[in-house]
Amino acid sequence: MERKKSFVNWDPVDGTVLANEQVIDGKGWRSGAPVERRELSQWFFKITDEAEDLLAALDDGRLDGWPDNVKLMQKNWIGKSKGLKMSFPLVGGDVHGYAAIDIFTTRPDTLFGASFIGLSPDHPLVKSFAASDPKLQKFIDECQKIGTSEEAIEKADKKGYRLPIEVTHPLIEGETLSVWVANFILIQYGTGAIFACPAHDQRDLDFARKYDLPVRPVVLPKGADPKTWDVDEEAFVGDGTLFNSKFLDGLSVDDALSKIIEYMESKGLGESTTTWRLRDWGISRQRYWGCPIPIIHCPKCDIVPVPTNDLPVKLPDEADFSKPGNPLDRHPTWKHVKCPKCGEDATRETDTFDTFVDSSWYFARFAAPSDQAPTNPEEANYWLPVDQYIGGIEHAILHLLYARYFTRMMKACGHVNIEEPFRNLFTQGMVTHATFKDTQGQWLFPEDVIAKDDGFVHAKTGEPVTVGPIEKMSKSKKNVVSPEMIADSYGADAARWFMLSDSPPERDVEWTDSGVEGAWRLINRVWDMIEPQAELLREKADTQTFADTDQDLRRATHSAIKGVSDDIAHFRFNKAIARLYEFIGFLRKSAALSGNTAPTQPALAEAFSALIRLIAPFTPHLAEESWAHLGGDGLVCNAPWPSYDEGLLATETIILPIQINGKKRAELHIAPDASKDMIEQQALSNEAVKRHIAGKTIAKLIIVPGRIVNIVL
RNA sequence: GCCCCUGUGGCGGAAUUGGUAGACGCGCUGGAUUCAAAAUCCAGUUCUUUCGGGAGUGUCCGUUCGAGUCGGACCAGGGGCACCA
């Protein structure tokens with residue numbers, strides 16, 4: 001943990017820190033005042049110290065049970081990049097104590113295309129200039145209105161302010177470059193300063209065009225003519241051949257990169273450096289709802305940790321929320337304590353922990369929920385890592401990366417002996433719903449909205465309602481449907497059946513009433529079918545003898561068991577349910593048969609017994625009720641999962657499609673093990689095939705047994 | 001703006017490794033039942049057609065005997081962008 005400065009969104013009217021979400025179009029959501037970027041001392045976890053291992057584990061097998069897209073997102077987020085740190089000397093010697101400007105670049109191969117130097121508005125040198133340049137200070141103030149999110153900074157119009165200095169190009173004799181303060185350069189990344197090569201970087205190009213700065217191409221796309229090729233409004237960022245670059249001419253981008261880095265290092269002009277996109281994890285929040293950061297600030301002893309015996313630091317029960325800002329900070333008594341070291345008057349840290357801290361280790365706590373200590377290593381080591389972790393894709397980066405980091409730290413402190421908290425990860429989709437707003441622009445709950453004519457109106461006031469996009473359900477946008485209401489109207493079984501049947505679990509589900517109604521119907525249909533079969537499972541036949549007429553039902557039963565089991569094992573719940581619909585339909589017809597085509601009691605008992613156990617994970621209430629009604633032993637949730645007999649699955653004939661020039665023209669009903677010769681013979685004697693190939697010669701005949709026949713004319 | 005993902009009938013979605021596009025459900029249409037309706041049951045349902053066929057998986061191009069599936073370019077929607085959690 002360490003304390004350092006970082007930027008926050010500051011609402012100057014409310015005098016409070018705002019979350020990025022609370023900044024709307026650059027203004028505070030409550031006050032409407034333009035938000036400023038302000039520097040604050042904050043607590044940080046040094047997650048960057050673990051960057052190398054957090055990255056390595058993504059590829060070395062430790063996270064084989066994670067989806068590739070999540071691993072790729074984390075890899076890009078950590079953002080390891082090799083580059084060059086180098087200096088551009090100032091023309092005319094020292095200015096404000098700087099002899100040169102240090103920059104970091106990942107594209108040193110484009111050094112000969114350098115056009116200007118760009119500095120972050122938060123760069124110390126810029127601040128020094130601003131002290132005596134009110135116009136520059138005004139420019140910096142403008143930049144600070146952008147907000148702190150990367151999105152806001154990247155999307156803002158490119159703006160610059162020219163500093164009254166120039167630098168020399170270390171590799172081009174007599175070449176000088178102008179120096180600009182540019183609003184798109186981040187102080188957190190690299191050195192907060194760049195050299196710009198507009199021909200091969202889009203942001204640099206946008207900036208150069210706006211301020212009429214030179215654009216010098218140095219990488220030639222494959223096949224382009226060096227005499228005529230030029231950059232217009234689109235930078236060329238692909239691979240190509242270096243030109244206009246002295247000793248790099250003719251090299252590929254990769255070769256030029258190694259050569260220039262080697263050259264700069266050998267001449268003492270630069271240094272090969274690895275930089276990370278990942279920043280340290282800022283955990284300070286100026287809010288009441290959170291765990292207090294257990295630190296005491298003493299005027300004499302400076303920063304003193306709260307002694308272990310006094311942990312945890314509890315929040316005061318009473319707090320004043322009538323004003324914006326942090327209630328802990330203005331609480332009359334809570335923060336005043338004696339320094340644990342010297343005993344003098346001191347104050348508590350009033351920042352609380354980011355709630356991501358809590359979600360980073362709860363799984364270790366779950367292993368021993370009643371323990372006095374935060375964790376019980378013996379229990380944690382027995383239960384962890386989590387075999388199967390399930391969460392929304394929105395957690396792909398922050399939560400999942402923080403938990404991975406925290407687990408490493410817990411290992412270092414002896415709480416657990418694992419690095420990776422989650423062996424298998426499944427990213428489920430979100431439940432989405434349309435959003436609604438009233439005439440004042442306030443969000444509305446779906447239950448307060450009714451359809452009228454072609455639009456929607458407020459259920460109580462009758463005022464028109466505007467329908468917004470379908471988005472993930474969230475409390476702030478009120479597009480939520482309460483589980484209680486669903487369970488009350490349709491029952492928990494129907495709600496669960498619908499949610500699982502609607503889409504694959506990794507995809508979003510849009511909540512619809514008609515969908516739940518369909519599930520409700522199915523449940524009734526199953527019960528109506530089971531009801532007349534009372535005590536069916538009680539009559540155990542002495543010998544399990546099946547009749548020939550049972551064949552089709554038994555095949556359906558056993559293939560349902562196989563299919564549903566396999567689908568559940570692979571999280572394909574929607575497909576499992578589709579199979580169950582098919583099986584239920586078939587069983588309904590079979591059970592209704594009478595006379596000598598009717599299935600025997602053992603075949604029916606086998607089918608119903610399997611069906612109830614297969615639906616039990618989806619509709620447990622219906623399953624238990626049905627199981628009891630049919631006289632099954634004990635509870636269905638304790639009954640063994642049904643097994644299937646592979647031998648009962650085979651069919652006598654399969655349907656083999658015949659294509660002519662890749663288009664389906666006929667079908668062949670044929671034994672599954674038919675030889676190629678037999679298939680060919682039957683295919684060519686098929687009437688539809690004969691019609692299509694009449695008068696033509698067959699150029700090629702492709703037969704994939706069990707799959708397809710393709711006749712190429 | 002950057003990173004990741006998705007795109008198939010009126011709708012949600014099926015389609016092991018490239019091999020019958022549209023399983024299953026919703027909706028809709030017709031029929032049965034009913035005095036009538038609801039519920040239920042049965043049948044049909046990608047579009048088009050001169051009934052031979054023809055077109056079709058966001059768009060365009062490519063690889064292949066064969067592409068929803070593989071490659072390239074683009075378009076649209078969603079998730080994330082470090083203080084929503």
Side-chain angles (χ1 to χ4, degrees), chain A residues 6-9 17-23 42 47 67-77 79 148-156 158 184 188 202-203 206 277-287 354-356 358-359 392-399 401-402 427 429-430 432 469-472 474-477 498 501-504 506-510 512 514-519 521-522 524-525 528 566 572 574-582 585 588 655-667 691 699-702 704 706-713:
Chain A
S6 80
F7 293 100
V8 294
N9 301 304
V17 177
L18 296 178
N20 284 330
E21 195 198 40
Q22 298 168 325
V23 180
Q42 310 250 284
I47 191 172
D68 288 339
N69 62 328
V70 173
K71 288 194 276 189
L72 187 55
M73 278 190 261
Q74 292 213 349
K75 186 177 176 175
N76 291 336
W77 182 261
T148 57
S149 76
E150 194 170 305
E151 183 190 8
I153 294 166
E154 290 276 347
K155 275 184 169 167
K158 307 274 175 296
F184 61 93
Q188 295 100 329
Q202 193 61 47
R203 292 180 305 181
D206 294 343
R277 220 187 73 93
L278 184 68
R279 307 201 296 258
D280 281 329
W281 175 10
I283 49 166
S284 284
R285 298 289 180 274
Q286 295 71 42
R287 306 189 204 296
D354 177 6
T355 52
F356 272 127
D358 310 307
S359 58
I393 188 67
E394 74 270 27
H395 293 300
I397 293 171
L398 295 181
H399 163 58
L401 191 64
Y402 291 149
T427 54
M430 288 165 291
T432 63
I470 295 164
E471 294 183 65
K472 73 166 170 174
S474 78
K475 280 172 274 179
S476 59
K477 289 179 181 167
F498 162 63
S501 70
D502 189 59
S503 5
E506 67 274 19
R507 268 215 234 173
D508 292 349
V509 179
E510 192 198 343
T512 59
S514 61
V516 205
E517 277 163 30
R521 272 202 293 275
L522 176 101
N524 287 308
R525 212 179 300 156
D528 290 345
D566 195 45
R572 296 186 296 239
N574 58 322
K575 286 181 67 186
I577 285 178
R579 279 184 211 279
L580 284 168
Y581 267 109
E582 271 178 291
R588 252 152 60 94
I655 297 167
L656 201 63
I658 303 176
Q659 294 184 336
I660 292 166
N661 286 338
K663 301 211 175 215
K664 186 190 155 195
R665 298 296 182 188
E667 280 177 350
R691 198 170 62 229
K700 206 170 173 184
L701 187 65
I702 293 151
V704 186
R707 281 272 179 215
I708 205 158
V709 178
N710 192 9
I711 301 167
V712 186
L713 300 175

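Quick note on labels: first sequence line is chain A, next is B, and so on, each numbered from 1.
Contact annotation for A/G585: no contact, since no heavy-atom pair falls under 4.0 Å across all strands. Among the heavy atoms of the strands, none lies under 4.0 Å from A/W281. As judged by a 4.0 angstrom heavy-atom cut-off over every strand, A/L72 is placed among residues touching the sugar-phosphate backbone only. Across all strands shown, A/R525 has heavy atoms under 4.0 Å from sugar-phosphate atoms exclusively, and none from any base. Here A/Q42 lies in heavy-atom contact (under 4.0 Å) with a base. Using a 4.0 Å heavy-atom criterion, one finds that A/N574 contacts the sugar-phosphate atoms exclusively. Residue A/E667 is in base contact, counting any heavy-atom pair closer than 4.0 Å across all strands shown. Contacts of A/F498 with the nucleic acid, taken as non-hydrogen atoms under 4.0 Å apart, are absent. Looking at heavy-atom distances under 4.0 Å, A/S284 makes contact with a base. Among the heavy atoms of the strands, none lies under 4.0 Å from A/S501. Nucleic acid contact for A/E151: base, since at least one base atom lies under 4.0 Å from a heavy atom of the residue. Counting non-hydrogen atoms under 4.0 angstrom, A/Q286 reaches a base of the nucleic acid. A/R287 comes within 4.0 angstrom of a nucleotide base, judged by non-hydrogen atoms across all strands. At the heavy-atom level, A/I655 lies under 4.0 Å from base atoms of the strands shown.
Counted by atom type alone, A/S501 and A/N574 present zero donor-acceptor pairs between their side chains at under 3.5 Å.
Of the candidates B/U17, B/G53, B/C84, the closest approach to any side-chain atom of A/N20 belongs to B/C84. Relative to the side chain of A/N76, the nucleotides B/C3, B/C83, B/G52 differ in distance, and B/C3 lies closest. Closest to the side chain of A/K155, out of B/G53, B/G1, B/A82, is B/G1. You'll find that the side chain of A/M73 is closest to B/G79, out of B/G79, B/A15, B/C65. Here the side chain of A/K663 is nearest to one of B/C65, B/A55, B/A85, namely B/A55. Side chain of A/S503, nearest nucleotide from B/C84, B/G13, B/C83: B/G13. Side-chain proximity of A/K664 to B/C83, B/A14, B/A21: nearest is B/A21. In this structure, of B/A14, B/U20, B/C83, it is B/C83 that holds the atom nearest to the side chain of A/R285.
At distances below 3.5 Å, not a single donor-acceptor pair connects side-chain atoms of A/R507 with backbone N or O atoms of A/G429.
Side-chain contact between A/I153 and A/T148 is absent, with no heavy atoms from C-beta onward closer than 4.5 Å. The shortest distance between side-chain heavy atoms of A/R285 and A/D354 falls below 4.5 Å.
Taking atom P in both B/G77 and B/G22, one finds a spacing of 31 Å when rounded to whole Å. A distance of about 45 Å separates the C1' atoms of B/C75 and B/C42, rounded to the whole Å. Spacing of P atoms, B/C47 relative to B/G10, comes out at 7 Å, to the nearest Å. A gap of 13 Å separates the C1' atoms of B/U46 and B/C11, to the nearest Å. Rounded to whole Å, the C1' atom of B/G80 lies 33 Å from the corresponding atom of B/G9. B/C24 and B/U8 are spaced 15 Å apart, taking the C1' atom of each and rounding to whole Å. Taking atom P on both nucleotides, B/G1 is separated from B/U17 by 35 Å, rounded to a whole Å. On the C1' atoms, B/C4 is 22 Å away from B/U59, given to the nearest whole Å.
A salt bridge is defined here as a Lys NZ or Arg NE, NH1 or NH2 lying under 4.0 Å from an Asp or Glu carboxylate O, and A/E150 with A/K155 fails to meet this definition.
Nucleotide B/C81 forms a pair with B/G1, judged by Watson-Crick or G-U wobble geometry with both contacts under 3.5 Å. With a cut-off of 3.5 Å on both Watson-Crick or G-U wobble distances, the partner of B/G7 is given as B/C75. Summarising the base pairing, B/A55 is matched to B/U46 through a Watson-Crick or G-U wobble pair whose two defining distances lie under 3.5 Å. As the counterpart of B/A15, no nucleotide is assigned, since no Watson-Crick or G-U wobble pattern has both distances under 3.5 Å. With a cut-off of 3.5 Å on both pairing distances, the Watson-Crick or G-U wobble partner of B/U40 is B/A32. Pair assignment for B/C70 gives B/G62, based on Watson-Crick or G-U wobble hydrogen-bonding distances that are each under 3.5 Å.
Applying the 90° cutoff around 0 to the glycosidic angle, B/G9 is assigned syn. Using a 90° window around 0 for the glycosidic torsion, B/G52 falls inside it and is classed as syn.
Note: CG (A/N9) to P (B/C81) measures 13 Å, nearest angstrom.
Between A/A578 and A/R665, the one whose closest nucleotide on RNA chain B sits nearer the 5' end is A/A578.
The two residues A/V704 and A/L656 come nearest to each other via the heavy atoms O-CD1, 4.5 Å.
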